[in-house]
Amino acid sequence: MLTTPNFRFRRLRRTSVLRDLIRETHLSVNDLILPIFVEEYITEAVPISSMEGIYRYPENQLGSVVTRAWNKGIKAVLLFGISHNKDEIGSDTWNENGLMARMIKIAKQAQPNMIVITDNCFCEYTTHGFCGVLANRDTDNDATLANLQKQVVVAAKAGVDMIAPSGMVDGMVAAIRSALDAENFSHIPIMSYSTKFASAFYGPFRDAVDSTFKGSRNSYQIDPANGREALAESLQDEAEGADILMVKPGIIYLDVIANIRNHSRLPLAAYHVSGEYAMMKTAAAAGCINERDAVMETMIAFKRAGADLIITYYAEQIADWLNAETKI
Ligand code: PBG
């Protein structure tokens, strides 16, 4: 009867120093991107009820939020605007004095070295809430491309560091690249929301942006059942000139992250979305999980699966936790 195993994994797990020595995956504050919500015409920060600890900020607080993140070591922010100048086509996004342009200028002025990224979409700027020009209860793909080109050129002129198109418009990366290049912005990278699923986990985000959207995005976002198509979407964006790819949401799509990682050499981002954030916050508040441990385990899982960057509402909190560790 065999009683002595011929190999013992436990030999390298015995002490925390040994575990540190053989750890395969690491998380750093350099991996994190902080999303920030900014609403026009409000005077005080408004807490988002479904996302504990997250606010819609007035424009005059954006600078201090960006500085607070920078001082924690966060190198990149992703700006979302909540517009009060909505119309059928989202034209405020290509207004040089519109909310998107103003947010970029404020953020860059507060911290010139912060990587300022915009979520380049229309849904927070259209009266109907769809991610582009509406035609027959669906977005008109090609008409939206022309508007996206106008939007990104205005963002670039306002000083944006990176463009992040999230509308799942076919051909969006190629259209953006050519518009930027034509206006001498060939140095501005594109982080495409390349593999974005039609997910129930965006629920709290819709709260956050006060969306009156009642429709469905199933005609342009990916069916969660489709893994091959999910890979094809990201490879298509790579072929069109994307500089960074993304999978969104994150936790339940680790297989997709790993698959894209195996097929592309580009940096890859995972978006830990609003519903994932809210689930952790509520589970922690209910005493079901240790928040810090559960969040750190989730972040390491993204990285182990192959993500280089993580967009998360937890970014500031994680930075605090990481900074406290290195001070010991
Ligand atoms: C806009 C956009 C959405 C999110 C990011 N950009 C909403 C959507 O596609 O419905 C979701 C982010 C989140 O849930 O945290 N197109």
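Read the numbers this way: they start at 1 and go in the same order the structure lists the ligands and their atoms. Side chains included, hydrogens not; waters and symmetry mates left out as well; all remaining heavy atoms used.
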A.B. asks: Near S166, which atoms of ligand 1 are under 4.0 Å from a heavy atom of that residue?
C.D. replies: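 So the atoms of ligand 1 that pass are 1 (C), 6 (N), 16 (N).
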A.B. asks: Donor-acceptor check, side chain of S264 to backbone of I260, threshold 3.5 angstrom: yes or no?
C.D. replies: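 Side chain of S264 to backbone of I260: no pair is present.
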A.B. asks: May I ask you to check if K196 and Y220 form a cation-pi contact, with NZ or CZ under 6.0 angstrom from the six-membered ring centre and within 45° of the axis?
C.D. replies: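 No, K196 does not sit over the ring of Y220.
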A.B. asks: Report the relative orientation of the aromatic rings in Y271 and Y193; use parallel for angles under 30°, tilted for 30 to 60°, perpendicular for over 60°.
C.D. replies: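 Rings of Y271 and Y193: tilted, as their planes differ by 30° to 60°.
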A.B. asks: Check if M168 has a non-hydrogen atom at a distance under 4.0 Å from any atom of ligand 1.
C.D. replies: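 Distance cut 4.0 Å: M168 fails for ligand 1.
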A.B. asks: Can you report which non-hydrogen protein atom sits closest to atom 11 (C) of ligand 1, along with the distance?
C.D. replies: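 Answer for atom 11 (C) of ligand 1: K248 NZ, 2.9 Å.
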A.B. asks: Go through ligand 1 atom by atom and flag the ones less than 4.0 Å from a non-hydrogen atom of D119.
C.D. replies: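 Atoms satisfying the 4.0 Å criterion: 1 (C), 6 (N).
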A.B. asks: Under a 4.0 angstrom heavy-atom cut-off, which atoms of ligand 1 come close to V273?
C.D. replies: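 Every atom of ligand 1 under 4.0 Å from some heavy atom of V273: 13 (C), 14 (O), 15 (O).
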A.B. asks: Just do the salt bridge (charged side-chain N to carboxylate O under 4.0 Å, His left out) check on R261 and D308 with the steps written out, would you?
C.D. replies: CA-CA 10 Å; R261 176 72 293 149; D308 306 289; 3.0 Å; yes
A.B. asks: When the aromatic ring centroids of Y277 and H272 are compared, is their separation below 6.0 Å?
C.D. replies: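 Ring centroids of Y277 and H272 are no less than 6.0 Å from each other.
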A.B. asks: Give the residue and atom name of whichever protein heavy atom lies nearest to atom 8 (C) of ligand 1, and the separation in Å to one decimal.
C.D. replies: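 Atom 8 (C) of ligand 1 sits closest to the protein heavy atom R217 NE, 3.5 Å.
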A.B. asks: When you measure from atom 14 (O) of ligand 1 to every protein heavy atom, which one gives the shortest distance, and what is it?
C.D. replies: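 Heavy-atom neighbour on the protein nearest atom 14 (O) of ligand 1: S274 OG, 2.7 Å.
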A.B. asks: Specify the protein heavy atom at minimum distance from atom 12 (C) of ligand 1: its residue, its atom name, and the distance to 0.1 Å.
C.D. replies: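 Checked against all protein heavy atoms, atom 12 (C) of ligand 1 sits closest to F205 CD1, 3.3 Å.
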A.B. asks: How does C121 reach ligand 1, if at all, at less than 4.0 Å between non-hydrogen atoms: by side chain, backbone, both, or neither?
C.D. replies: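 Looking at C121 and ligand 1, just side chain atoms fall under 4.0 Å.
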A.B. asks: Please assess R265 against E238 for the test salt bridge (charged side-chain N to carboxylate O under 4.0 Å, His left out), listing each intermediate value before the final yes or no.
C.D. replies: CA-CA 10 Å; R265 303 292 168 262; E238 175 165 5; over 6 Å; no
A.B. asks: Regarding atom 13 (C) of ligand 1: of the candidates F122, Y313, Y277, F201, which has the closest heavy atom?
C.D. replies: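 Going through F122, Y313, Y277, F201 one by one, Y313 has the nearest heavy atom to atom 13 (C) of ligand 1.
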A.B. asks: I'd like to know whether the aromatic ring centres of F302 and Y253 sit less than 6.0 Å apart in this structure.
C.D. replies: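 No, ring centres 6.0 Å or more apart.
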A.B. asks: I'd like to check which ligand 1 atoms, numbered from 1 as shown, lie under 4.0 Å from a non-hydrogen atom of K196.
C.D. replies: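 Within the 4.0 Å cut-off of K196, ligand 1 contributes 1 (C), 2 (C), 3 (C), 6 (N), 8 (C), 9 (O), 16 (N).
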A.B. asks: Hey, which atoms in ligand 1 end up nearer than 4.0 Å to a heavy atom of R206?
C.D. replies: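 The atoms of ligand 1 under 4.0 Å from a heavy atom of R206 are 8 (C), 10 (O).
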A.B. asks: Taking 4.0 angstrom as the limit and counting only heavy atoms of C123, give me the atoms of ligand 1 inside it, by number and element.
C.D. replies: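 Counting atoms of ligand 1 from 1, those under 4.0 Å from C123 are 1 (C), 16 (N).
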A.B. asks: Measure from the ring center of F213 to the ring center of F130 and say whether it is less than 6.0 Å.
C.D. replies: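 For F213 and F130, the ring centres are under 6.0 Å apart.
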A.B. asks: If the plane angle is over 60° it's perpendicular, under 30° parallel, otherwise tilted; pick one for F7 and F9.
C.D. replies: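 Taking F9 first and then F7, their aromatic rings stand perpendicular (interplane angle over 60°).
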